[in-house]
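Read through the structure below, which is laid out as structure tokens, and then see the notes.
On a predicted model such as this, the values are computed, not experimentally measured, just so you know.
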Amino acid sequence: MAKAGRKRKAGARNKAGRLIAIGGPRLDRGTAELRLHRALRAGPLDPATQRLWQRGKAEEAAAAIGTGDHGQAVDAVGRAWLADLLAHPVRDGAAMRDAGRVLFKLYWAHYAELAPSGGLYRELAGRGVVRFGATGDIERAAQLEAALNRRLAILDDCGRDVRRAVESLCVDHHFEFGPAWLDRLIAARREGRPAGEEDRRRIEAAVLGLAALT
């Protein structure tokens with residue numbers, strides 16, 4: 001008599017017959033090394049976590065930093081948010097971060113041909129960071145330009161220093177590191193020492209502008 005096979009697991013299945021994971025697809029957070037590097041760019045690592053990493057135990061070190069959204073460190077405004085530098089008494093930091101990214105998208109959608117490296121915007125569009133949206137659509141392009149101009153006008157009303165700080169944080173191309181003033185602020189926070197007065201004024205100006213855009 002043949003033995004009974006393993007019982008079929010209950011649950012919804014896809015077309016290939018595989019079980020569909022409850023709660024949707026798993027989020028790919030990258031390798032342990034990548035997650036640690038992202039976390040390090042955004043703020044301090046616990047000494048114990050740092051030691052684990054130095055000993056070649058990246059998986060254990062990555063587990064120690066938790067499941068925070070360290071992927072936000074892909075741009076300057078994301079690193080500022082992760083380092084708790086987007087502090088405002090009324091506006092939410094994540095909302096200000098997103099407002100900065102909308103400004104980036106609108107700006108480089110309009111000024112795509114001026115992007116450094118012969119069209120970095122097109123490369124970003126290819127990776128899904130920004131979208132072409134307005135190509136060949138005059139009406140849509142006009143709407144995007146108007147949306148950009150409204151935001152720039154708001155920043156102009158806040159003052160030249162505010163606009164320059166927001167553009168440095170959100171528009172200029174600082175994907176892996178920079179701007180230098182933000183790097184210094186994050187380093188000061190990591191080392192537990194006071195930030196430089198000029199750098200502090202810049203982040204305060206950037207926060208003021210982002211709050212106005214939110």
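- With sequence neighbours left out, Asp98 forms a side-chain hydrogen bond (donor to acceptor under 3.5 Å, both in side chains) with no residue at all.
- Two residues are said to be in side-chain contact when any heavy atoms from C-beta on lie closer than 4.5 Å; Ile203 and Asp199 fail this criterion.
- A distance of 11.5 Å separates CD1 of Ile154 from CG of Leu210, quoted to the nearest 0.5 Å.
- Not counting sequence neighbours, Glu139 has no partner by the side-chain hydrogen bond (donor to acceptor under 3.5 Å, both in side chains) test.
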**Check against side-chain contact (heavy atoms from CB on, under 4.5 Å), Leu208 and Glu204** = CA-CA 6 Å; Leu208 178 62; Glu204 288 176 354; over 6 Å; no

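- Side-chain contact between Leu213 and Val102 is absent, with no heavy-atom pair separated by less than 4.5 Å.
- Judged as a side-chain hydrogen bond (donor to acceptor under 3.5 Å, both in side chains), and not counting sequence neighbours, Arg164 has no contacts.
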**Request:** For side-chain contact (heavy atoms from CB on, under 4.5 Å), just list the numbers for Leu169 and Trp181, CA-CA rounded to whole Å, side-chain angles, deciding distance to a tenth of an Å, and then say yes or no.
**Result:** CA-CA 9 Å; Leu169 185 66; Trp181 59 267; 4.1 Å; yes

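- Partners of Glu145 according to the side-chain contact (heavy atoms from CB on, under 4.5 Å) rule, which considers only residues two or more places apart in sequence or in another chain, are His110, Asn149.
- Listed here is the closest heavy atom pair of Ser168 and Asp172: CA-OD2, 3.5 Å.
- When all heavy atoms of Leu182 and Ala80 are compared, the pair lying nearest together is CD1-CB, 3.9 Å.
- One finds the NZ atom of Lys105 at 12.0 Å from the CG atom of Leu144 (value rounded to the nearest 0.5 Å).
- Between Arg201 and Glu198 there is a salt bridge, since at least one side-chain N of the basic residue sits less than 4.0 Å from a carboxylate O of the acidic one.
- Sequence neighbours left out, the pairs with a member in residues 151-163 that pass side-chain hydrogen bond (donor to acceptor under 3.5 Å, both in side chains) are Asp156-Arg163, Arg163-Glu167.
- Between Phe177 atom CZ and Asp183 atom CG the span is 8.0 Å, to the nearest 0.5 Å.
- Of all heavy-atom pairs between Ala76 and Gly178, the closest is CB-O, 3.5 Å.
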**Steps toward side-chain contact (heavy atoms from CB on, under 4.5 Å) verdict (Thr214, Asp92)** = CA-CA 9 Å; Thr214 303; Asp92 176 68; over 6 Å; no

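- A donor-acceptor contact shorter than 3.5 Å is absent between the side chain of Arg184 and the backbone of Gly196.
- For the residue pair Ala206 and Ala165, the shortest heavy atom distance occurs at N-CB, 3.7 Å.
- His174 is not listed as a side-chain neighbour of Asp75, based on a closest heavy-atom distance of 4.5 Å or more.
- Counting heavy atoms from C-beta on, the side chains of Leu103 and Val166 come closer than 4.5 Å.
- Note on ring orientation: taking the six-membered ring where Trp is involved, the planes of His173 and Trp108 are tilted (angle from 30° to 60°).
- The shortest side-chain heavy-atom distance between Arg91 and Val207 does not fall under the 4.5 Å cut-off.
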**Message:** Apply side-chain contact (heavy atoms from CB on, under 4.5 Å) to residues Arg189 and Leu85 and explain how you reach the verdict.
**Reply:** CA-CA 9 Å; Arg189 175 154 295 197; Leu85 292 171; 3.9 Å; yes

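- Judged as a side-chain contact (heavy atoms from CB on, under 4.5 Å), and not counting sequence neighbours, Ala142 has no contacts.
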